[in-house]
Amino acid sequence: MSGERGHGDSQVKTGSKGSDTHKHKDKHKDKEYRHKDRKKDKERDKLKHNNSEHKDHAEKKNRDKERPKHTDGSYEKHGEKHREKDKDKDRRREDKVKSSQVAKPKKEKENGYVRDISPAAIKNEPEEDNGFCPSPQHNKASRRKSDEEEFVYKPKKIKTEHDKMSKKRKHECEEEEDDNDEEDIKPKKKKDKNVTEGKKSKKDEEKWKWWEEERYTDGSKWRFLGHKGPVFAPPYEPLPDKVKFYYDGKPMKLGAPAEEVATFFAKMLDHEYTTKDVFRKNFFKDWRKEMTSEEKSKITDLNKCNFTEMNEYFKAQSEARKQMSKEEKQKIKEENERILQEYGFCIMDNHKERIGNFRIEPPGLFRGRGDHPKMGMLKRRIRPEDIIINCSKDSKHPKPPPGTKWKEVRHDNKVTWLASWTENIQGSIKYIMLNPSSRIKGEKDWQKYETARRLKKCVDRIRTQYREDWKSKEMRIRQRAVALYFIDKLALRAGNEKEEGETADTVGCCSLRVEHINLYPKLDDQEFVVEFDFLGKDSIRYYNKIPVEKRVFKNLQLFLENKQPGDDLFDRLNTSILNKHLQELMDGLTAKVFRTYNASITLQQQLKELSCSDDSLPAKILSYNRANRAVAILCNHQRAPPKTFEKSMQNLQTKIDEKQKQLSAARKQLKGAKAEHKASHDDKSKKAVEVKRKAVQRIEEQLMKLQVQATDREENKQIALGTSKLNYLDPRISVAWCKKFGIPIEKIYNKTQREKFAWAIDMAEKDFEF
DNA sequence: AAAGCCACTTAGCATCTCTATT
DNA sequence: AATAGAGATGCTAAGTGGCTTT
């Protein structure tokens, strides 16, 4: 099946297709046509299907796009706007938090199931009682019963596990000290325990089997959350005086703020980013904002700026870092370890958990992916005043650095983040969250695969239905059905709408435009071929030619009628309409579930097909990688060929060439030996023939190995296996496969991955079926 | 219904670190 | 011991999708 799904031609990674800018310009023109088109569309719909009462979605879409977009993307403005909004938001937030703290007997959805939360259950957890280390009994009341229908692997003996756990927890909980089982809240004493026994408690924590415990049913994510807050970027260190910046050929000393921003640019001088017009324009604009009025009046042309000395200085610095002695390096390592130990963990409920990103992003120049309109803008430095801290009331609140304040300290246990701030480029919120190995991430991950497995049970029905819908009288239903077909068959992303001009021009299924597909009634020896060519997430190109069913093809032709290249292919559809529909087909179903489902089921099928119990271990692992690769191709997970790819490929090729020479030499010798043997017919020459024959064979094998390695590497040149492994493949499939074929799990998952998938490694048996 | 906000997952690239090779 | 190359980890951008506000 991988063959069927594999994308036709080789995929070329393009940050920006040559014609892109063109297309963009054309779009405006295109839009003007759209109004007319829409009228036609409507008429067409009415003619063909007299009952169409549909709202004209396209009309709204167009209006959006015609909205005047602000030409000034200045981040000051942005900042201002956001600050204003923030106040408002904050007020609302407060209300929300307050109200959420009041127990509401309400139906909550979790794991795709709607459950009744009894007020009594919530009453058990009064606000004040967010015990630091709640007793298991206490905890149990708020944790939900494990779901039989949903989880095949039901925790055994919940009760005993739980009770055992309660004892264990007491030891794990760093600030908890009493051995007494009965009481929940304990005064803290062993403050230093963690420092001295850090390793031990970490080790213990790795063994915590959260998957054998019950989960919260009330939508809350934790009862207790305590942490030390984020680590800020180190302050700017001005350059030594000898490192000069030149303007118009003359040295010029910059003030610290302008100098700092200049260093950001100087550090990137080797990158092709700095040659791009948009990047330079954005950078220069933001840089000028950091200048004193004097600097501003002097520095008016980026082309007259010479950063090379700064650039060389940084290169020398990084060189010096590499040349540091062992001891120095060790010292830095230790310091990093100390920071990790201090800030890298939090206590969530009764467990010490690893934080994912506890360092605040340092200031720098924004590097968008692909053709990003905001590339080069200044990403400003984040101060404590920008940070919202989230923790539980009864925890020791993190202290802001001396002389500073947090923006806010909040106690919202309906979310998982520990700290957040608003970033100034897009005005979006960034979060500090837990590591993938944490309970909170793991539960969600597990749940994701369970949803995908539920889809497996009803996917046939859904497929039958959308095929039926291809014949619908209503345009919107046909579009929905065709889009769903693409999402299912090609594992396309949903394709939310994006604000034009704010981000790179990329699309997913629902946002495909006419210009992104080509229809071929006949192509080579295939009928009804659709050619896709568009930039998806991260501006990764999706290029694929696939034959589709006639009805799909005819529908696509219909959708294309009277449209311009820049028009939406599915003008009556968006992700929210699609997901609403999917929700009706299956509880918890959204477009992205299809990607998870198809990825996982493909792995399972491929593993079944490819692996052979007689194979050697490396051969089995090769099969696994091949199966993994099939998924990566399906999901279009690409990577830039590694920088050293050509070189290492060349090295390999020289090795192959050498081997080939060796081989022909060996063959010649064999021939000679044979001839000699023919002439003399003696034993000695016969032996010589055998020896030579063996040599040839050995070299042939070596050559073969090298060639396989080369093919393998070549095949993987532009394919990234990691993303699917980490995000789309139910780890239980891999675990089961390992068990079945006696393969150590370490061959498939490295340490980090084993931590993330600990739940799967613990629970999946060799007969696990996705 | 659209727009906006928010929280969270998914993504590829850069850099660091370990390991095999010379 | 030095070095290259591979693999692991870190970083942060860019998606999805739910919910709220307009």
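Lettering of chains follows the sequences in order, A, B, ..., and the numbering in each one begins at 1.
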**Message:** Restricting to side-chain contact (heavy atoms from CB on, under 4.5 Å), what partner residues turn up for Asn435(A), sequence neighbours left out?
**Reply:** Arg354(A), Ser437(A)
**Item:** Distance flag, aromatic centroids of Phe265(A) and Phe283(A), threshold under 6.0 Å
**Value:** yes
**Prompt:** Are OP1 or OP2 of dT10(B) and a side-chain N or O of Lys448(A) less than 4.0 angstrom apart?
**Reply:** yes
**Asked** Just how far, in rounded Å, is P of dA11(B) from CG of Asn636(A)?
**Response** 10 Å
**Prompt:** Within the structure, does a side-chain N or O atom of Thr723(A) lie under 4.0 Å from either OP1 or OP2 of dT10(B)?
**Reply:** no
**Message:** As a test of understanding, state which of Tyr542(A), Phe486(A), Tyr543(A) forms a ring pair (Phe, Tyr, Trp, His ring centres under 6.0 Å) with Phe534(A).
**Reply:** Tyr542(A)
**Message:** Whole angstroms only, please: what is the NZ-P distance between Lys444(A) and dG17(C)?
**Reply:** 12 Å
**Message:** Over all strands shown, is Thr506(A) touching base, sugar-phosphate only, or nothing at heavy-atom distances under 4.0 angstrom?
**Reply:** sugar-phosphate
**Item:** CA sep, side-chain torsions, deciding dist, call: Leu726(A), Gln753(A), side chain to side chain contact (heavy atoms under 4.5 Å, CB included)
**Value:** CA-CA 8 Å; Leu726(A) 235 49; Gln753(A) 293 163 341; 3.9 Å; yes
**Earlier contact from the 5' end, DNA chain C, for Ala494(A) and Gln753(A)** = Gln753(A)
**Item:** Qualifying salt bridge (Lys or Arg N to Asp or Glu O under 4.0 Å) pairs with a residue from residues 316-328 of chain A, counting only residues at least two apart or across chains
**Value:** Glu319(A)-Lys322(A)
**Request:** For residues Arg513(A) and His516(A), determine if any side-chain heavy atom of one lies less than 4.5 Å from a side-chain heavy atom of the other.
**Result:** yes
**Message:** Need one value for Gly536(A): base, sugar-phosphate or nothing, where a base atom within 4.0 Å counts as base even if backbone is also close, heavy atoms only.
**Reply:** sugar-phosphate
**Asked** Does a side-chain N or O from Lys592(A) land closer than 4.0 Å to OP1 or OP2 of dG15(C), or not?
**Response** no
**Message:** Under 4.0 Å, counting only non-hydrogen atoms across every strand here, what does Tyr728(A) touch: a base, just sugar-phosphate, or nothing?
**Reply:** sugar-phosphate
**Request:** For the residue pair Glu443(A) and Gln447(A), confirm or rule out a side-chain donor-acceptor distance under 3.5 Å.
**Result:** no
**Asked** Which of the following nucleotides, dT16(C), dG18(C), dC8(B), is nearest to the side chain of Gln583(A)?
**Response** dG18(C)
**Position toward the 5' end of DNA chain B (nearest nucleotide), Arg321(A) or Thr416(A)** = Thr416(A)
**Interatomic distance, Asn579(A) CG vs dG15(C) P [rounded to whole Å]** = 17 Å
**Message:** Taking ring-ring contact (aromatic ring centres under 6.0 Å, His included) as the cut-off, I'd like each qualifying pair that reaches into residues 634-656 of chain A, sequence neighbours left out, listed once.
**Reply:** His637(A)-Tyr728(A)
**Asked** Does a side-chain N or O from Lys221(A) land closer than 4.0 Å to OP1 or OP2 of dC8(B), or not?
**Response** yes
**Fill in**
Winner on side-chain proximity to Ala591(A), out of dG17(C), dC18(B), dC6(B), is dG17(C)
**Message:** Does Gly495(A) reach a base, just sugar-phosphate, or nothing at all? Heavy atoms under 4.0 Å.
**Reply:** sugar-phosphate
**Request:** By nearest nucleotide on DNA chain B, pick out whichever of Leu726(A) and Asn336(A) is the more 5' one.
**Result:** Leu726(A)
**Prompt:** Can Ser734(A) and Tyr624(A) be counted as having a side-chain donor-acceptor contact under 3.5 angstrom?
**Reply:** yes
**Item:** Any Arg754(A) side-chain nitrogen or oxygen under 4.0 Å from OP1 or OP2 of dA8(C)
**Value:** no
**Prompt:** Can you check the Glu319(A) CD to dT15(B) C1' distance for me, whole Å?
**Reply:** 14 Å
**Below 4.0 Å: OP1/OP2 of dT16(C) and any side-chain N or O of Asn496(A)** = yes
Distances for protein N or O near nucleotides 4-7 of chain C N or O, under 3.5 Å:
{"residue": "dG5(C)", "atom": "OP1", "partner": "Asn651(A)", "partner atom": "ND2", "Å": "2.7"}
{"residue": "dA6(C)", "atom": "OP1", "partner": "Arg713(A)", "partner atom": "NH1", "Å": "3.3"}
{"residue": "dA6(C)", "atom": "OP1", "partner": "Arg713(A)", "partner atom": "NH2", "Å": "3.1"}

Might you list the N or O atoms of the protein lying below 3.5 Å from N or O atoms in nucleotides 10-13 of chain C, with each pair's distance?
{"residue": "dA13(C)", "atom": "OP1", "partner": "Lys379(A)", "partner atom": "NZ", "Å": "3.1"}
{"residue": "dA13(C)", "atom": "OP2", "partner": "Lys430(A)", "partner atom": "NZ", "Å": "2.2"}
{"residue": "dA13(C)", "atom": "O4'", "partner": "Arg369(A)", "partner atom": "NH2", "Å": "3.4"}

**Complete:** Taken to the nearest whole Å, NE2/His637(A) to P/dA14(C) is 16 Å
**Message:** From CH2 of Trp222(A) over to P of dA7(B), roughly how many Å is that when rounded to an integer?
**Reply:** 12 Å
**Message:** Under 4.0 Å, counting only non-hydrogen atoms across every strand here, what does Ser576(A) touch: a base, just sugar-phosphate, or nothing?
**Reply:** nothing
**Complete:** ring-ring contact (aromatic ring centres under 6.0 Å, His included) filter on Phe594(A), not counting sequence neighbours, yields none
**Asked** Atom CG of Asn390(A) and atom C1' of dC8(B): how far apart are they, to the nearest Å?
**Response** 14 Å
**Message:** Checking Glu755(A) against Lys751(A) for the salt bridge (charged side-chain N to carboxylate O under 4.0 Å, His left out) test, could you report, in this order, the C-alpha distance in whole Å, the side-chain angles of both residues, the deciding distance, and whether it holds?
**Reply:** CA-CA 6 Å; Glu755(A) 277 166 19; Lys751(A) 190 167 144 281; 3.8 Å; yes
**Asked** Ile425(A) CD1 to dA14(C) C1': how many Å, rounded?
**Response** 14 Å
